[in-house]
Amino acid sequence: MKPAKLQTICNDHSLDNTLRRIAEKVMEGTRITPEEGLYLYEHGPLGFVGALANYMREQRHGDNTYFNRNFHIEPTNVCIYDCKFCSYSRRIKKREDGWELSMDQIMEQVKQYDGQPITEVHIVGGVLPQYDLEFYTELFRRIKAHRPDLHIKALTPVEYHYIFKKAKVSYEQGMQMMKEAGLDSIPGGGAEIFDSEIRKKICADKCTAAQWLQIHEIWHRMGGRSNATMLYGHIEAYHHRIDHMERLRQLQDRTGGFQTFIPLKFRNKDNQMAHIPEVSVIEDLRNYAISRIYLDNFPHIKAYWPMIGRQVAQLSLAFGVDDIDGTIDDTTKIYSMAGAEEQHPAMSTEELVQLIRRVGRRPLERDTLYHIIKDYTDYQFDSDKEIRGYISLPVIGKN
Ligand code: V47
Ligand code: SF4
């Protein structure tokens, strides 16, 4: 049985045949083609793509909305590369303006979370010669020795490609060494936009799309899990977004190793692309929705709330998103330096839970691999008793 709202959409004769065919496919669980994906970007109204994406989201997860408790470590913001969108890196020529943490300083940061119920550390930063194979394998060993249960989600193919080349080891050998040292999963960064012409213009000198995909594939074949991102809303066209997602969809068909897709909205503060205007919130929501529809083999779509802000994160939950990450403090500088909504991205577990509840969804704390740690649906916080006139907002696009 089709939900009434989608049935209405299929019978809506103000929609053209292609859109109605796409709606039929989504309801049958049939994959849409790249041409249809492009058609959605070019002609799909927000309400239409939102309803389809919400249908897919609820088929997979119902109202479940996942978050985790993590902290970020950024060993350095100095980088040998020169990505034009990056507001974060202090280029190697202006090294004195940046930070370069020693192993001991990083371990001090890890120890600050001793005794706190955190399940993941996310480690990513600039690329510099001293952060090499020896440094990171030793760091992972020290973190695991100190706190064996902490999941290490660390580094992207941008770092791995550089580190392995410098150490003269193959990708396979390098990833195996990282795994033995304690690496648990790979975050989604460094993907940007896979198209080589766009890459040449925005991040010419770092790893190629093929190298990014190859490292994830090797990791998946070793039994590892990873995420994938897409930096959108700058100089790319819609067909570049479809090409990006198509390459991910094909890799996922081969390995099944991706967990989450994270669209990252280009922010234009203090970088070499500052002249490019940022896209609208409507475009953000359309992009979440079309990602959900296109990437039918990705279990999760994540909205990274420090970047888009809490209200858009709430809205995104009705446009295909089922995960809102979960940084609990302001240990990441990548977005605040790029002009993100949240200058000091700190949200307590209670605030995250309330944010999810207020749009009628079910807050579930997860670990990195999406095992449920705690269901907060009926959990009573002390402050719940103090909330007066609690408003339950209607969920847009919900059947
Ligand atoms: O690859 C850099 C992006 C990424 C800007 O896997 C920018 O759970 C927008 O990948 N505007 C790194 N984006 C962050 C990342 C990430 C974040 C949260 C969770 C996960 C995960 C991964 O940040 C980079 C780049 O695409 N970025 N500068 C900017 N001006
Ligand atoms: Fe370096 Fe990453 Fe910034 Fe590119 S996005 S300059 S690789 S820190």
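We count ligands from 1, going down the list as the structure has it; atoms in each ligand are counted the same way.
Atoms of ligand 1 lying under 4.0 Å from at least one heavy atom of P187, given by number and element, are 6 (O). Listed by number with element, the atoms of ligand 1 under 4.0 Å from a non-hydrogen atom of F266 are 9 (C), 11 (N). Of all atoms in ligand 1, listed by their number and element, those nearer than 4.0 Å to a heavy atom of N271 are 30 (N). Proximity to I262 (heavy-atom distance under 4.0 Å) selects the following atoms of ligand 1: 6 (O), 8 (O), 20 (C), 21 (C). For ligand 1, the atoms sitting less than 4.0 Å from at least one non-hydrogen atom of N227 are 6 (O), 8 (O), 21 (C), numbered in the order shown with element in parentheses. Below 4.0 Å from some heavy atom of C79 lie the following atoms of ligand 2, by number and element: 1 (Fe), 6 (S), 7 (S), 8 (S).
The option from M307, K269, E192, H234 that lies nearest to atom 26 (O) of ligand 1, judged by heavy atoms, is E192. Considering only non-hydrogen atoms, atom 8 (O) of ligand 1 lies nearest to K153 out of K206, K153, H122, K84. Residue L231 holds the heavy atom nearest to atom 13 (N) of ligand 1 of all those in T229, I193, L231.
Residue Y304 touches ligand 1 through its side chain alone, judged by heavy-atom distances below 4.0 Å. When heavy-atom distances to ligand 1 are checked against a 4.0 Å cut-off, N268 has no atom that comes that close, whether in backbone or side chain. Of the heavy atoms in K265, only backbone atoms (N, CA, C, O) come closer than 4.0 Å to ligand 1. Residue-level proximity to ligand 1 for T156 is absent, since no heavy atom of it falls below 4.0 angstrom.
What sits closest to atom 4 (Fe) of ligand 2 on the protein, heavy atoms only, is C83 SG, 2.3 Å. For atom 2 (Fe) of ligand 2, the nearest non-hydrogen atom of the protein is K206 NZ, 4.4 Å.
Between G189 and ligand 1, an N or O atom pair is found at a separation short of 3.5 Å. By the 3.5 Å distance cut-off applied to N or O atoms, G190 is counted among the residues near ligand 1. Taking distance alone, with nitrogen or oxygen atoms compared against 3.5 Å, R267 approaches ligand 1 more closely than that limit. Here's the thing with H72: none of its N/O atoms is less than 3.5 angstrom from an N/O atom of ligand 1. For G188, a nitrogen or oxygen atom sits less than 3.5 Å from a nitrogen or oxygen atom of ligand 1, counting backbone and side chain alike.
Judged by the 6.0 Å distance and 45° axis criteria, R249 is not positioned over the aromatic ring of F298. Seen from the ring of Y238, R241 does not count as a face-on cation partner, given the 6.0 Å and 45° thresholds. A cation-pi arrangement is absent between R357 and Y376 under the rule of less than 6.0 angstrom and at most 45 degrees off the ring axis.
Q176 and E180 form a side-chain donor-acceptor contact under 3.5 Å, judged by distance and modelled atom types alone. Side-chain contact check for Y171 and H161: at least one donor-acceptor pair (N or O, by modelled atom type) lies under 3.5 Å.
Proximity of the aromatic rings of F319 and Y288 is defined here by a centroid distance below 6.0 angstrom, and this criterion is not met. In this structure, the ring of Y162 has its center no less than 6.0 angstrom from the ring center of Y160. Remark: aromatic rings of Y232 and F266 are distant, center separation not under 6.0 Å.
Taking all atoms of both residues into account, the shortest heavy-atom contact from N271 to K84 is CB-O, 3.7 Å. The two residues C203 and C83 have their closest heavy-atom pair at CB-SG, 3.6 Å.
Aromatic ring orientation, H300 versus H61: parallel (interplanar angle below 30°, classes split at 30° and 60°). Below 30°, between 30° and 60°, or above 60°: for H220 and H216 the angle between ring planes is above 60°, a perpendicular geometry.
Under 2.8 Å from atom 3 (Fe) of ligand 2 lies an N/O/S atom of C86, whether from backbone or side chain.
The line from CZ of R292 to CD1 of I290 is 13.5 Å long, rounded to the nearest 0.5 Å.
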